[in-house]
Amino acid sequence: LSLKFGDVGNLKGLVIRFLLTTSYYQLSVQNWFTLHRLQLLYNHSIQATFNATRIYAPASYSYHCEHVSSLQRYDALLIPSSANDLSKLWEVTFIDFQIQGFNIQEGHFAYAKDCASFFSPAILMGLVMSLILLLVLAYALHMLIHLKSLDRHYECKASPTYFAQMKDNDMGDEKEPLRSSGNESYELRNQQFCKIYI
């Protein structure tokens, strides 16, 4: 796949060439296309060649990525093919890159396989925070389930009230006649009180 730009500034006859292949994989039971190389040509000669990594999609799909670049800050999907050629002198970056080499219908891209990973740092951070919140919630529910009612600590459990039976020989010590009236009456000196256990 060649993109011909013609004369751009000092570059005469600038061409960007994409070398694509298609292969059948039995594991996925379908054809996949892969971008193997990207070449920069001007003045009818190859000036730079980059090997493409991780740029592939099912043959019936297109491939889309926000940045396809030779720069490390964009994850460097394009790597210079050789340390001896002029590829290291070039910095190539495609923004909002989308490509489809096969099974093109009506001149439109098919459904795109995106290069964004399912486990980006933002998604991983969200999963970790969700796990922490779930653990806090589980601990709170555990504490609520095992919470004992405070009412049972304040229930008064009183033993039956009783007075010890007095013996006849001790009755003289514990009884004292009242002198105020002519009738003989007695006053209980040692009174026993019931104990209430809380």
Side-chain angles (χ1 to χ4, degrees), residues 1-140:
L1 177 65
S2 295
L3 300 178
K4 297 181 179 180
F5 293 93
D7 298 342
V8 180
N10 295 328
L11 304 178
K12 298 187 181 299
L14 177 63
V15 176
I16 299 177
R17 182 182 295 168
F18 301 93
L19 301 177
L20 298 150
T21 60
T22 181
S23 302
Y24 179 78
Y25 292 96
Q26 292 183 353
L27 189 62
S28 61
V29 197
Q30 61 181 337
N31 289 317
W32 286 65
F33 78 87
T34 305
L35 175 61
H36 282 285
R37 281 190 202 86
L38 181 142
Q39 295 176 337
L40 297 176
L41 296 86
Y42 72 91
N43 295 334
H44 306 289
S45 64
I46 298 175
Q47 299 297 317
T49 302
F50 295 90
N51 291 329
T53 61
R54 294 175 287 143
I55 299 179
Y56 51 84
S60 58
Y61 286 46
S62 64
Y63 175 87
H64 175 265
C65 198
E66 189 65 30
H67 294 96
V68 172
S69 175
S70 62
L71 303 177
Q72 288 298 327
R73 68 172 177 262
Y74 294 129
D75 202 16
L77 294 176
L78 301 176
I79 299 171
S81 61
S82 174
N84 299 326
D85 63 6
L86 299 175
S87 300
K88 293 193 299 184
L89 301 177
W90 289 77
E91 291 182 356
V92 179
T93 301
F94 296 99
I95 299 173
D96 197 18
F97 178 82
Q98 189 167 1
I99 191 170
Q100 181 178 352
F102 309 95
N103 301 326
I104 299 171
Q105 297 179 357
E106 299 179 0
H108 298 289
F109 283 116
Y111 180 81
K113 175 190 176 293
D114 205 278
C115 66
S117 173
F118 290 107
F119 292 101
S120 64
I123 292 174
L124 287 176
M125 183 61 69
L127 289 174
V128 169
M129 292 302 297
S130 299
L131 181 61
I132 291 172
L133 290 175
L134 281 175
L135 289 175
V136 170
L137 180 63
Y139 178 74

query = What are the two closest heavy atoms between Gln98 and Ala110, and how far apart are they?
reply =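 Looking at all heavy atoms of both residues, the shortest contact is NE2-O, 4.1 Å.
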
key: Taking every non-hydrogen atom, the tightest pair across Ser87 and Ala48   =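 For Ser87 versus Ala48, the nearest heavy atoms are OG-CA, 3.5 Å.
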
Main-chain N/O of [Y] paired to [X] side chain as donor or acceptor, under 3.5 Å:
| X | Y | answer |
| --- | --- | --- |
| Ser69 | Val92 | yes |
| Ser70 | Ile79 | no |
| Thr49 | Ser81 | no |

inquiry  = Enumerate the disulfide (SG to SG under 2.5 Å) contacts for residues 10-65, please, sequence neighbours excluded, ordered by first and then second residue.
reply    =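 Counting only pairs at least two positions apart or across chains, the disulfide (SG to SG under 2.5 Å) contacts touching residues 10-65 are Cys65-Cys115.
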
Could you grab the distance from atom [atom1] of [X] to atom [atom2] of [Y], nearest 0.5 Å is fine?
| X | Y | atom1 | atom2 | value |
| --- | --- | --- | --- | --- |
| His108 | Ser62 | NE2 | OG | 12.5 Å |
| Thr93 | Leu71 | OG1 | CG | 4.0 Å |
| Ser2 | Leu19 | OG | CG | 8.0 Å |
| Ile46 | Arg17 | CD1 | CZ | 6.0 Å |
| Glu106 | Ile104 | CD | CD1 | 12.5 Å |

task = May I ask you to check whether over 12 heavy atoms, not counting those of Tyr24, lie within 6.0 Å of atom OH?
result =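 More than 12 within 6.0 Å, yes.
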
Donor-acceptor pairs are to be reported for all side-chain atoms of residues 29-38 against protein atoms at under 3.5 Å, with residues two or more places apart or in another chain.
unit_1, atom_1, unit_2, atom_2, d
Trp32, NE1, Ser28, OG, 2.9
His36, NE2, Thr21, OG1, 2.7

Quick one, [X] and [Y] - any side-chain contact, counting heavy atoms below 4.5 Å?
| X | Y | result |
| --- | --- | --- |
| Phe18 | Leu3 | yes |
| Gln39 | Leu41 | yes |
| Ile99 | Phe94 | no |
| Tyr56 | Lys113 | yes |
| Asp75 | His67 | no |
| Leu40 | Tyr42 | no |

message = Check the orientation of Tyr111 and Tyr61. Use parallel for under 30°, tilted for 30 to 60°, and perpendicular for over 60°.
response =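 Aromatic pair Tyr111/Tyr61 classed perpendicular.
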
